[in-house]
Protein chains: 2
Amino acid sequence: MADDPLSTTFAALADPTRRAILARLAEGAATVKELSAPFAMSGPAVSKHLRVLERAGLVVRGRDAQWRPCTLDATPLREVAEWTDGYRRFWDDSHRRLDAYLERMKEQEDDH
Amino acid sequence: MADDPLSTTFAALADPTRRAILARLAEGAATVKELSAPFAMSGPAVSKHLRVLERAGLVVRGRDAQWRPCTLDATPLREVAEWTDGYRRFWDDSHRRLDAYLERMKEQEDDH
DNA sequence: TCTCTACCTAACCACTTGGTTATCTAACCG
DNA sequence: CGGTTAGATAACCAAGTGGTTAGGTAGAGA
């Protein structure tokens, strides 16, 4: 995996377990134990997933006695949304119609 | 890497070379040779990247004599955009204000 | 037919990933 | 103090990734 921020974010999101963790954290902070609960997977495995999310800046781990409360930080997703938006015209029908319109305008220009 | 569609798409996007290929294809179809040109990397390496993009459904490879013209198919990005949008309220200020407003409304309800 | 070009597959390499179990630290609780 | 709980780390393993070189296939063209 490349180490530029966008690649790191995309790589972190390329796993259903990690996306489920983010979905859970969207409802509020949670401990590692609480996050592991839904998964048929050992503690260390979840811990590794959290580390990937943390390195991507999507999760922040605090500390409260023996608990490590995790919170969501969605700011890296903003870049993802912006990147994806650059391709919106390739699937969004309304944008496609605008493109076609601009294309016709351009052809008219060329006819002059 | 998990094999669900969204994970496959995210994994395909987690590489700057592959995103550069998509950016190039956004300007129109291109042969494998044309796509390799900007990269200091062997042909087979680019071919592998194309296979990853193809498996993710982001690129379609046709054939025209000895050329394999590649075209962009952005439909998998729609799911990416929709998934990401579910977290927009966590970084978008306008949404954050709307959330705060709805929260106040909810508290008023609770006071009744 | 002979050659060149475009592209693919195969085999190999170093490194990463996603999981495991076993072991360690740190904090609470009796 | 001793036991329990939350969690991290280490060591290991199978599989995947991103690159390489070497060699093969298919079509264009002299």
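Within every chain, numbering begins at 1; the chains are lettered A, B, ... in the order of the sequence lines, protein sequences first and strands thereafter.
For B:Ser36, the side chain to side chain contact (heavy atoms under 4.5 Å, CB included) criterion is met by B:Val32, B:Val46, not counting sequence neighbours. Considering only residues two or more places apart in sequence or on other chains, B:Glu82 meets the salt bridge (Lys or Arg N to Asp or Glu O under 4.0 Å) condition with B:Arg78. Residues passing the salt bridge (Lys or Arg N to Asp or Glu O under 4.0 Å) test with A:Glu34: none are found, sequence neighbours excluded. For A:Ala45, the side chain to side chain contact (heavy atoms under 4.5 Å, CB included) criterion is met by A:Met41, A:Ser42, not counting sequence neighbours. Qualifying side chain to side chain contact (heavy atoms under 4.5 Å, CB included) partners for A:Thr75, counting only residues two or more places apart in sequence or in other chains: A:Asp73.
Hydrophobic cluster membership is shared by A:Leu35 and B:Phe90, with clusters built from Ile, Leu, Val, Met, Phe, Trp and Tyr side chains linked at under 4.5 angstrom.
The CH2 atom of A:Trp91 sits 10.5 Å away from atom CG of B:Leu72, with the distance rounded to the nearest 0.5 Å. Here the CG atom belonging to B:Leu6 is positioned 7.5 Å from the CH2 atom belonging to B:Trp83, to the nearest 0.5 angstrom.
Once you apply a 4.0 Å limit to the heavy atoms of chain B, the touched nucleotides of DNA chain D run 5' to 3' over D:dT17 to D:dA28.
For the pair A:Asp3 CG and C:dC15 P, the computed distance is 15 Å after rounding to whole Å.
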Contacts under 3.5 angstrom, residues 50-64 of chain A side chains, donor-acceptor by atom type, not counting sequence neighbours:
residue	atom	partner	partner atom	Å
A:Glu54	OE1	A:Arg61	NE	3.2
A:Glu54	OE1	A:Arg61	NH2	2.7

With a cut-off of 3.5 Å and sequence neighbours excluded, list every side-chain donor-acceptor pair involving residues 7-26 of chain B.
residue	atom	partner	partner atom	Å
B:Ser7	OG	A:Arg19	NH1	3.0
B:Ser7	OG	A:Arg19	NH2	3.3
B:Ser7	OG	B:Asp4	OD1	2.5
B:Ser7	OG	B:Asp4	OD2	3.1
B:Thr8	OG1	B:Asp4	O	3.0
B:Thr9	OG1	B:Pro5	O	2.9
B:Asp15	OD1	B:Thr17	N	2.8
B:Asp15	OD1	B:Thr17	OG1	3.4
B:Asp15	OD1	B:Arg18	N	3.3
B:Arg18	NE	B:Ala12	O	2.7
B:Arg18	NH1	B:His49	ND1	3.1
B:Arg18	NH2	B:Ala11	O	3.2
B:Arg19	NH1	A:Ser7	OG	3.0
B:Arg19	NH1	B:Leu13	O	2.7
B:Arg19	NH2	A:Asp4	OD2	2.9
B:Arg19	NH2	A:Ser7	OG	3.3
B:Arg24	NH1	B:Gly28	O	3.2

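Contacts with DNA chain D (heavy atom under 4.0 Å) in residues 54-61 of chain B: none are found. DNA chain C is contacted by B:Thr31, B:Val32, B:Lys33 of residues 26-37 of chain B, taking any non-hydrogen atom closer than 4.0 Å.
Axis angle, first five pairs versus last five pairs of the helix from C:dT1-D:dA30 to C:dG30-D:dC1: 10°, rounded to 10°.
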Point to revise | Under 4.0 Å protein heavy-atom contacts per nucleotide of nucleotides 18-28 of chain C, with B for base, S for backbone only and - for none | key: BBBBB----SS
